[in-house]
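Worksheet: one structure, shown below.
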Amino acid sequence: EGVHGGSKVRGVNLGGWLVIEGWIKPSLFDGIPNGDMLDGTQVQFKSVTLQKYVSAENGGGMDISVDRDDASSWETFTLWRVSELEFQFRTTQGQFLTCYGNGCSVSATAKSASSTETFQIERNNNGKVHFKIKSGTYLQATMDNQLTADYPGTPGWDDNAATFEMTIVANNLHGDYQLANGYGHNKAKQVLEKHRNTFLNVGDFEFLYRHGINTVRIPVGWWIAYDPDPPAPFIGGTLEALDNAFSWAEDYSIKCIIDLHAAPGSQNGMEHSASRDGTTGWPTSSDYISQTLHVIDFLASRYAKHPAFLGIELLNEPSAAEVPLDMLVSYYKQGYEVVRKYSPSAYVIICQRIGSADPLELYQADIGSHNLVVDLHYYNLFDTFFVNLSAIDNIQFIYKSREAQLQALNGANGPLVFIGEWVNEWNVTSGSQSEYQDFGRAQLEVYNAASFGWAYWTLKNDRKHWDFEWNIRNNYLRLSSSEKKVFNSLRWLLLASICFYQCQILELVENWI
């Protein structure tokens, strides 16, 4: 129980492995047909004949019109992908475009999506599209500004009432949902099996051990509890990979934190929580919360007695804007008790809400009595405050702001403090190697004071400054002697032992001769 020798956590996240984040390894998405039209993509449509935008009046709940000169939120639709060519369109208020059959006027009144909410899209290479309903009839923009399913015949790509210009406003979600639904089950299974088997291996744990890393934080998705056949579109196999990680970690005396990175319905609407379309559904349903507790129960029961197990993080980065504090605290209390059923001493980690939320709110919540940890994520990114800071400004912020907050939380009568994510990257353009070294040194000096420890985000990443291995190999991040001393001590002890036994063998040989 706990890290070797009572040390603090000196960890690295295994991000982008068992929970997909497209920005970590973009090539995973390269083979998806119509890859710019994944689940969650936001699009706008303009009639080429009327030169007006398709609009959902009041953001949904009414008929669709084609009468707007400019496009804003009412004219923006979010894709739900059904197949390579078939899509459903969700309005900003959550309703779906629907058409009951030939001759219908399209409205935005469906609360859920099925066949009458599914449209086939034909595209050409110039950004123009046609819409076709299940019967094969094309939609058209009428002269009285309606969208109807009654275009006669098959339209060409000239200026006709069935042709629309499509603008992709945002295509920002590249997570497990987009990958699996984009490829389809069989191809997605091939892609993910290869990724899970090659992205990480036992050699990476040997690398971490050699550089004094004693813990890995492993993001997982809720579907791991339903392996090997999770609900569609998710792909099984993450449980076997997690078992492998625990075995590799045990071989190198590394501890494992299981981090529930993606909860049912999504706790923050981001790709790393496997949101389908950018919405945050987790706090809207008690069923989702019950399902999440089942996942925690599954993980705790499976790994609580494993020698490499250190703890479970109950939920990663819940949204402050979408997840009410009282609901989150209730879930955290229940999750704490679930873990305690299987282990009296495993660390139970609770993540602060991201956005405008003070981590002190969790210290005042009386969630658990012992081995409770609050996880803070420290990035000098993702906020306009950091955009124009110089290298020196960033470093001063670490010493003045981050250090002050850590001191206050360390001094609070409550949970331990964990910097569960941080990175040696910033908004400074053309930063020199020495500036990166100074920035990394400042963060290590300050985060070393966290009472539980820290974990770098992430082990491997196509963006090199986010890649822990790249930082170490290229001397951009220098771990202090305190991070390496355990390994060095073991190394010298091993060498001394080898020399001792070699001497004993030589003496025996000489005596025998």
Residue that, paired with Y151, satisfies side chain to side chain contact (heavy atoms under 4.5 Å, CB included) out of N160, L139, T163, T137: N160

For S55 against E75, the heavy-atom pair lying closest together: OG-OE2, 2.7 Å

Does one side chain, of Q95 or T109, offer a donor that lies under 3.5 Å from an acceptor on the other? no

Donor-acceptor pair, R353 side chain versus V323 backbone, under 3.5 Å? yes

Validation row: D393, F386 side chains within 4.5 angstrom (heavy atoms): no

T91 side chain vs G59 backbone, donor-acceptor pair below 3.5 Å: yes

After noting the C-alpha distance and the side-chain angles of E240 and R196, does the key distance pass the salt bridge (charged side-chain N to carboxylate O under 4.0 Å, His left out) rule? CA-CA 10 Å; E240 180 183 359; R196 292 164 183 165; over 6 Å; no

By the definition ring pair (Phe, Tyr, Trp, His ring centres under 6.0 Å), identify the one residue from F87, F96, F89 that meets it with W80. F96

Is it true that, when you exclude N388 itself, more than 12 heavy atoms of the residues, nucleotides or ligands shown sit nearer than 6.0 Å to its CG? no

With respect to F298, which candidate in L293, D227, L239 satisfies the side chain to side chain contact (heavy atoms under 4.5 Å, CB included) definition? L239

I'd like to check L381 versus V423 (side-chain heavy atoms, cut-off strictly below 4.5 Å). Are they in contact? yes

Are more than 12 heavy atoms from other residues, nucleotides or ligands located less than 6.0 Å from atom CD1 of I168? yes

Take atom NZ in K189; do more than 12 heavy atoms of anything else shown fall under 6.0 Å from it? no

E425 vs R463, salt bridge (charged side-chain N to carboxylate O under 4.0 Å, His left out): CA-CA, chis, key distance, verdict: CA-CA 10 Å; E425 182 61 301; R463 302 184 187 188; over 6 Å; no

Does a donor on one side chain and an acceptor on the other come within less than 3.5 Å for Q405 and S401? no

Are W470 and H465 close enough, and set up right, to give a ring pair (Phe, Tyr, Trp, His ring centres under 6.0 Å), and what steps lead you there? CA-CA 7 Å; W470 183 91; H465 290 291; 5.0 Å; yes

Note, Y332 side chain near L362 side chain (heavy atom, < 4.5 Å): yes

Is any side-chain heavy atom of D67 less than 4.5 Å from a side-chain heavy atom of E57? yes

